[in-house]
**Student:** 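Let me begin by handing over the structure; questions about it come next.
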Amino acid sequence: MTFLLVSQDVQQETLLVAGVAGLSLVVFGILCYRLTLHRLAAYPGPLLARLTDWVTVYQTSTGDRHLDQLKEHNKYGSIVRIGPNTLSFNTISAVKAIYTNRQGNVRKAPWYTVIEASAGNANSIHAEVDRNVHASHRRVMEHAFTDKSLRASEVLLVQNVQTFRDIILRTRESDKDWSGPFNMSQWSTYLNYDIMGDLVFGRRFNVMTSDAHRSVPRLLMNSTAFIYTFASMPFKAFCRILLASGVLGLPVIGGTMAKDDRKFYQYAEHVLEERIATEQNSSTTRKDIMHYLLHATDPLTGKGFSREQLQVESSLLIAAGADTTSLTLAAALFYLVHNPRVKHTLVEELQSVCSSEDWDQISPSKLISLPYLRAVVDETLRLSPPVPSSLPREVLKGGITIDGNYVSEGTVVGVSAYAIHRNSDYFPEPETFYPERWIPTNCDNPTPSSLSNVPRTRDSVALARQAFVAFSQGSRGCIGRQLAYYELHTALALLLYRFDIRLARDPLTQKPVKDSTDWREGLVGVMDPKEEKGVKKVWREERTREEQFQLFDRFLSDRNGPMVEFKDKVGGQGLQKTREGYVDAKTTRTA
Ligand code: HEM
């Protein structure tokens, strides 16, 4: 008997050892295959990334993926194998082949099939992988983004910026004082959530004026951060089932971020329900974006959005609309307070068109065509694209040729906005904030071109335009692009006409506080980045450049700062030019 039990134990142990050995052999075989016989084996890339997708999973969890992608292109060239089955490109021709060409033989990669699994069975137009279904849904949504509907939203844009203006004015001790410090990542988020509430749901969330909805932007950022990493894991079909089952939202099992993902969708659902009730109860509802989505149909199929579809689209619009634009506004203010010359040129342009008008009444459609304002926004989006890493696309049957390379079915391809926006073939002196690069010199432009060696010919500007992918391009490009420009032009123009801006001052030393520091604690500019509670902390080199607005890549980007102070200059003199540069006329402090 004892002998039998011992022999059973031995058998089990042998089986276990054989199992582990067999599994190791299979894994070893797969890894060898990926390095040698795989169809992408000849492409260069980091060794670990060529072996396993877990490198991407790790990169998405650090917030540094965009920095990694740029580094990899700088090291390996314009094509890098960033996963066993994934290629990253860094050229205009790749942008055209993968994104711009509407007939391009690609579709959104399986990553997109996971990102909205918590929201139910419907896919928003962002996550829809099927090209025909997407095209139909996009035709429905386009009703909400016509010139007419944009113009209807102008007054709401102005009103929201006015609310922010009044909040700023109230923080001053007297008319002549600078305001208190504003963490612009927070405040532009509040401002843009209120704008989105107005434009999408016909009601202001009042995030600027009350605490009630202020947790929502954080819910969204946690949700995106979680999904970005979770959907990057191998075995996507399994990930999708797991997410859809809700099990990750249960206590103990899921982390805070998984729970926030569900909470965010529940929040969007609640807002949608309230909006639908208003539509049913009122005959005078303003035509906000949701009004169009409730009634519009695809002219080809005659179909509109189902209730489930509306639910995912409303979460998408809060996320895609509010978060991207608020990051860009914060980043633009960052670059303006660090570049007084640019700020001055911009203010001159604004005053040249609006000197005799009441600025509170100015129409955003007048601001949208200002070339220097547009150049400031585009240069901000170039250096700090809110969606910085590559947007994955899967090659379809028949393959595709990119940069002379045949890429076969099933390969995932993409271009990172952060990397191509720093490609010196298209953007000479790529790390310099230089809005003039977007304006050819034969245009009427007040800035002397001797300031920089960056070429400003029609050709160089056309090249830059082709390499500009902050909104992506083609049929899957951003549907809200024009609205985003309206919002950004309006907010920047109204703020800069009314206020002079500067980096917040340290109350003790009166020196400008530094930026790009401790984003986690919200202590932008207050702490040395390398020291926190006595513990040395070292940022990677790219994050120590004080003239760069730092992004933390969560698909959408997390950020902090800049800390900005405002001074009411209506009737004041603003900046004056001296030998030392531009200085504040009243305090003679260098701006
Ligand atoms: C500076 C502001 C913005 C930036 C940088 C931006 C960027 C982008 C990018 C890169 C994509 C493609 C994403 C992908 O392929 O995975 C996209 C798609 C999209 N964006 Fe924007 N966006 C901005 C503002 C807005 C606004 C204001 C709205 C609407 C209110 C909006 C709505 C959308 C929608 C619905 C899509 C999905 C389009 C589709 O797949 O057909 N975005 N955006």
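Remember, it's a predicted structure, so these values are computed and weren't measured experimentally. Every number for a ligand or one of its atoms is a count from 1 in the order of the listing.
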**Student:** Under 30°, 30 to 60°, or over 60°: which ring-plane class applies to Tyr485 and Phe471, parallel, tilted or perpendicular?
**Tutor:** tilted

**Student:** Could you tell me the residue and atom name of the protein heavy atom closest to atom 13 (C) of ligand 1, and the distance to it rounded to 0.1 Å?
**Tutor:** His126 NE2, 3.6 Å

**Student:** Less than 4.0 angstrom from a charged side-chain N to a carboxylate O is my criterion; do Asp198 and Arg204 meet it?
**Tutor:** yes

**Student:** Would you call Glu409-Lys397 a salt bridge at under 4.0 Å N-O?
**Tutor:** no

**Student:** Provide the number and element of each atom of ligand 1 under 4.0 Å from a heavy atom of Lys108.
**Tutor:** 14 (C), 15 (O), 16 (O), 40 (O)

**Student:** Is any NZ, NE, NH1 or NH2 atom of the basic residue among Asp323 and Arg559 found under 4.0 Å from an Asp or Glu carboxylate oxygen of the other?
**Tutor:** yes

**Student:** Mark up the atoms of ligand 1 that fall under 4.0 Å of a heavy atom belonging to Phe555, in ascending order.
**Tutor:** 16 (O)

**Student:** Looking at Leu316, which atoms of ligand 1 are within less than 4.0 Å of one of its heavy atoms?
**Tutor:** 35 (C)

**Student:** Under a heavy-atom criterion of less than 4.0 Å, does Ser124 contact ligand 1?
**Tutor:** no

**Student:** Would you tell me which option among Ala417, Ala470, Ala322 has the nearest heavy-atom contact to atom 10 (C) of ligand 1?
**Tutor:** Ala470

**Student:** Under a 4.0 Å threshold between the charged nitrogen and the carboxylate oxygen, would Lys236 count as salt-bridged to Asp53?
**Tutor:** no

**Student:** Enumerate the atoms of ligand 1 whose separation from the nearest heavy atom of Leu391 is less than 4.0 angstrom.
**Tutor:** 14 (C), 15 (O), 16 (O)

**Student:** Out of curiosity, Phe182 CZ to Ile168 CD1, how far, rounded to the nearest 0.5 Å?
**Tutor:** 5.0 Å

**Student:** For atom 21 (Fe) of ligand 1, what is the number of protein N, O or S atoms at a distance under 2.8 Å?
**Tutor:** 1

**Student:** Would you call the rings of Phe499 and Phe566 parallel, tilted or perpendicular, where under 30° means parallel and over 60° means perpendicular?
**Tutor:** perpendicular

**Student:** Is the shortest distance from a Lys or Arg side-chain nitrogen in Asp298 or Arg139 to a carboxylate oxygen in the other one below 4.0 Å?
**Tutor:** yes

**Student:** Judged on heavy-atom distance to atom 12 (C) of ligand 1, which of Met196, Met141, Arg476 sits nearest?
**Tutor:** Arg476

**Student:** Any atoms of ligand 1 less than 4.0 Å from a non-hydrogen atom of His134? List them with their elements.
**Tutor:** 39 (C), 40 (O), 41 (O)

**Student:** So which heavy atom in the protein is nearest atom 1 (C) of ligand 1, and how far is it from that ligand atom?
**Tutor:** Thr328 OG1, 3.4 Å

**Student:** Which of the numbered atoms in ligand 1 are below 4.0 angstrom from a heavy atom of Gly477?
**Tutor:** 38 (C)

**Student:** Under 4.0 Å between a side-chain nitrogen and a carboxylate oxygen: does that hold for Arg422 and Glu542?
**Tutor:** no

**Student:** Quick check: does Arg393 get an N/O under 3.5 Å from an N/O on ligand 1?
**Tutor:** yes

**Student:** For the pair Glu379 and Arg382, find out whether any cationic side-chain nitrogen is under 4.0 Å from an anionic carboxylate oxygen.
**Tutor:** yes

**Student:** Look at atom 40 (O) of ligand 1 and say which protein heavy atom is nearest, naming residue and atom and giving the distance to 0.1 Å.
**Tutor:** Ile125 O, 3.2 Å

**Student:** For Phe145, does the CZ atom have more than 12 heavy-atom neighbours from other residues, nucleotides or ligands under 6.0 Å away?
**Tutor:** yes

**Student:** Report the C-alpha separation of Arg65 and Tyr418 in whole Å, then their side-chain angles, then the decisive distance to 0.1 Å, and conclude whether the side chain to side chain donor-acceptor pair (under 3.5 Å) test is met.
**Tutor:** CA-CA 10 Å; Arg65 186 170 181 226; Tyr418 193 83; over 6 Å; no

**Student:** Check ligand 1 against Tyr112 and write out every atom of the ligand that is under 4.0 Å from a heavy-atom position of the residue.
**Tutor:** 14 (C), 15 (O), 16 (O)

**Student:** Anything under 30° is parallel, anything over 60° is perpendicular, the rest tilted; go ahead and classify Trp187 against Tyr190.
**Tutor:** perpendicular

**Student:** List ligand 1 atoms under 4.0 Å from Pro386, heavy atoms only on the residue side.
**Tutor:** 5 (C)

**Student:** Got an N/O contact under 3.5 Å between Arg138 and ligand 1?
**Tutor:** yes

